[in-house]
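In this chain, residues are counted from 1 in sequence order. Nothing here was measured: the structure is a model prediction, and the numbers come from that model.
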Amino acid sequence: FEGDPPPYSPPDPKSLHLLYPPFPGGFSQQVPVTYQPGPGPFQPQGTPPAPLPYPAVRIPHPDALCTAAVLPLIPPPGFYNGQPSTRPSPAGHGQRLPKDYMVESVLVTVFCCLLTGVVALVYSHETRAALGRGDMVQANVASKKAQSLVLFSLLFGLFASISWVIYVLVALYL
């Protein structure tokens, strides 16, 4: 080099020991990583298994289906065989699934108001995620927020559009 090196050049390897001092004696640069074993998902040996929180259903082996002594299969929840079901629906205790307003959120985002439409999209996705987890309370809360944001976006878009048309008509003809 003639003169000073440019400011963006890497440091000289010969002067690297001046920038970074060496490690103290007895210290290895590679630190061993140890993991402490935690409690496993299995119970210790010798303890009886806990009872199941649901009734056990015995499913016969496929080869046993050919025999005449087959246990009657339990129909799935909500199965309709001509008689009203006494079991709750899969959604819960007779309640309907909340609407996620995803399509409406996309439409008001594109055509009405971008900011509140995107927030409505987030709440619509949160509704779908809560439904996927089975969290009906969170799904209902997120669905109500998505619904109100979709309605606000729609009304704001209509207000802005009508105001713009009135402004253009007044500016052109008066």
Pairs satisfying side chain to side chain donor-acceptor pair (under 3.5 Å), at least one member in residues 128-137, at least two apart: Asp100-Arg128
Exam field: side chain Ser161 to backbone Leu158, donor-acceptor pair closer than 3.5 Å: no
Members besides Val170 in its Ile/Leu/Val/Met/Phe/Trp/Tyr cluster (side-chain heavy atoms under 4.5 Å): Ile162, Ile166, Leu174
Side-chain hydrophobic cluster, 4.5 Å single linkage: members besides Tyr123: Val119, Leu149
Euclidean distance, Thr127 OG1 relative to Gln138 CD, rounded to 0.5 Å: 8.0 Å
Sequence-distant partners of Val165, side-chain contact (heavy atoms from CB on, under 4.5 Å), two or more places apart: Leu169
Test item: Lys144 and Pro98 side chains (from C-beta on) under 4.5 Å apart, heavy atoms: no
Pairs flagged by salt bridge (charged side-chain N to carboxylate O under 4.0 Å, His left out) wherever residues 160-171 is involved - sequence neighbours left out: none
All pairs passing salt bridge (charged side-chain N to carboxylate O under 4.0 Å, His left out) where residues 159-172 contributes a residue, at least two apart: none
With sequence neighbours excluded, residues passing side-chain hydrogen bond (donor to acceptor under 3.5 Å, both in side chains) with Tyr101: Gln147
List the atom pairs, donor and acceptor, that lie under 3.5 Å between side-chain atoms in residues 109-117 and the rest of the protein, sequence neighbours left out.
unit_1	atom_1	unit_2	atom_2	d
Thr109	OG1	Ser105	O	2.6
Thr109	OG1	Gly117	O	2.9
Thr116	OG1	Ser153	OG	2.4

Contacts of type ring pair (Phe, Tyr, Trp, His ring centres under 6.0 Å), residue Tyr167, not counting sequence neighbours: Trp164
For Lys99, salt bridge (Lys or Arg N to Asp or Glu O under 4.0 Å) partners two or more places apart: Glu104
